[in-house]
Amino acid sequence: QKSCSNTMAMLNRGQQFVYETIKLQSDEEYRIYLKPNEWIRIWMVHGSAEIFGTELREAKRNEKYGQKYPQYHSKHKRSRHKKQSIDEINSNPNDKEEMYLLRDSYLFSNSNISIYTFFGATLYVKYPKGQCEHKFKTTDTQYQIYCNYNAALTNMRRSAEVHQVELIID
């Protein structure tokens, strides 16, 4: 199953990177298995997703690239940088900046990662060319089971609390 909708290799400071845009549908999972010395950088650019129960924050787009998804800000807010076309940005790969802000990214190395979305999400990923070969989307996920298990434990805890309070009051 092909895991990306858009792939492009870029040259940056002598090293080639692969950039992919991954579109996840609701109740879909994106799994990544990293070998030692492999790394991947992930931005969640639209929607909502989580990694092992921790929600990902939505990445802000670098001003140099403009905004793909509309953001509603004050009309008086001005950009400090001149927006460049993709051709202008690609013409000087040594001056290439990331499409999304680095502070909004997640960097993983030497680990297995599972990104799950309940409602759908768009991810933007970067990794060195020739690495990170074991990644794929799947609908065969355990997240619904984990959620049901968590809800059952929470209900049992609440029931035990109520029972303890009744014993104290009696």
Side-chain angles (χ1 to χ4, degrees), residues 1-10 12 15-63 65-73 96-166:
Q1 189 175 19
K2 190 158 174 94
S3 66
C4 66
S5 58
N6 181 17
T7 305
M8 137 177 53
M10 296 261 180
N12 190 3
Q15 184 176 11
Q16 281 195 324
F17 297 106
V18 177
Y19 293 83
E20 293 181 358
T21 301
I22 314 303
K23 295 189 183 214
L24 298 174
Q25 302 301 319
S26 62
D27 293 323
E28 202 168 33
E29 186 175 354
Y30 186 60
R31 294 182 188 164
I32 305 163
Y33 300 103
L34 298 173
K35 296 177 186 170
N37 300 322
E38 286 186 343
W39 61 267
I40 190 167
R41 186 176 294 276
I42 300 170
W43 291 265
M44 202 268 310
V45 297
H46 188 68
S48 64
E50 60 183 50
I51 297 178
F52 299 121
T54 302
E55 190 171 354
L56 301 177
R57 69 178 170 274
E58 192 165 333
K60 291 184 175 47
R61 200 162 167 91
N62 189 332
E63 289 181 2
Y65 288 82
Q67 294 197 3
K68 184 172 181 178
Y69 298 105
Q71 303 284 333
Y72 301 101
H73 295 293
K96 169 134 173 56
E97 294 179 21
E98 298 299 338
M99 189 176 292
Y100 296 93
L101 299 178
L102 278 178
R103 70 172 183 239
D104 293 335
S105 70
Y106 298 87
L107 181 63
F108 299 96
S109 63
N110 193 26
S111 59
N112 298 331
I113 305 151
S114 169
I115 302 171
Y116 179 79
T117 179
F118 285 99
F119 306 109
T122 302
L123 306 172
Y124 186 69
V125 299
K126 171 188 175 181
Y127 55 90
K129 188 174 183 180
Q131 292 187 8
C132 199
E133 297 172 1
H134 297 86
K135 56 193 179 329
F136 57 95
K137 292 193 305 187
T138 183
T139 55
D140 181 26
T141 177
Q142 303 299 315
Y143 271 82
Q144 291 296 334
I145 294 169
Y146 296 153
C147 289
N148 291 340
Y149 184 68
N150 183 36
L153 286 175
T154 301
N155 288 338
M156 288 169 56
R157 287 184 191 114
R158 287 182 183 154
S159 175
E161 269 183 31
V162 168
H163 183 66
Q164 271 189 329
V165 170
E166 287 174 353

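Below, each value reflects all heavy atoms present in this structure, side chains not excepted, and no hydrogens, waters or symmetry copies.
Interatomic distance, D104 CG to R57 CZ, rounded to the nearest 0.5 Å: 5.0 Å. We find the OH-CD distance between Y143 and E28 to be 13.5 Å, quoted to the nearest 0.5 Å. Y30 contributes atom OH, which lies 12.5 Å from atom OG1 of T138 (distance to the nearest 0.5 angstrom). One finds the CZ atom of R61 at 10.5 Å from the CG atom of L101 (value rounded to the nearest 0.5 Å). Interatomic distance, CG of N110 versus CD of E38, reported as 9.0 Å (0.5 Å rounding). A distance of 6.5 Å separates CD1 in I40 from CG in L34, rounded to the nearest 0.5 Å.
Nearest heavy-atom pair across N37 and Q131 is O-OE1, 3.8 Å. Of all heavy-atom pairs spanning Y127 and E20, the tightest one is OH-OE2, 2.6 Å. When all heavy atoms of N112 and F52 are compared, the closest pair comes out as O-CE1, 3.7 Å. Across every non-hydrogen atom of E58 and G47, the tightest pair is OE1-O, 4.1 Å. Contact detail for C147 and F118: the closest heavy-atom pair is SG-CZ, 3.6 Å.
Every residue two or more places apart in sequence or in another chain that forms a side-chain contact (heavy atoms from CB on, under 4.5 Å) with A49 is listed here: M44, L56, I115, T117, A121. Take F108 and apply the ring pair (Phe, Tyr, Trp, His ring centres under 6.0 Å) test, not counting sequence neighbours, and it matches no residue. Partners of T154 by side-chain contact (heavy atoms from CB on, under 4.5 Å), not counting sequence neighbours, listed by chain and number: N150, R157, R158.
With contacts defined as side-chain heavy-atom distances shorter than 4.5 Å, the pair T122/T21 qualifies. Between K35 and H134, the closest side-chain pair of non-hydrogen atoms falls below 4.5 Å.
At least one donor-acceptor pair under 3.5 Å links the side chain of S105 to the backbone N or O of L102. Judged by distance alone, with hydrogens and angles left aside, the side-chain atoms of K137 form a donor-acceptor pair with the main-chain N or O of K23 at under 3.5 Å.
Judged by the 6.0 Å distance and 45° axis criteria, R41 is not positioned over the aromatic ring of Y19.
A donor-acceptor contact under 3.5 angstrom links the side chains of Q144 and Y116, judged on distance only.
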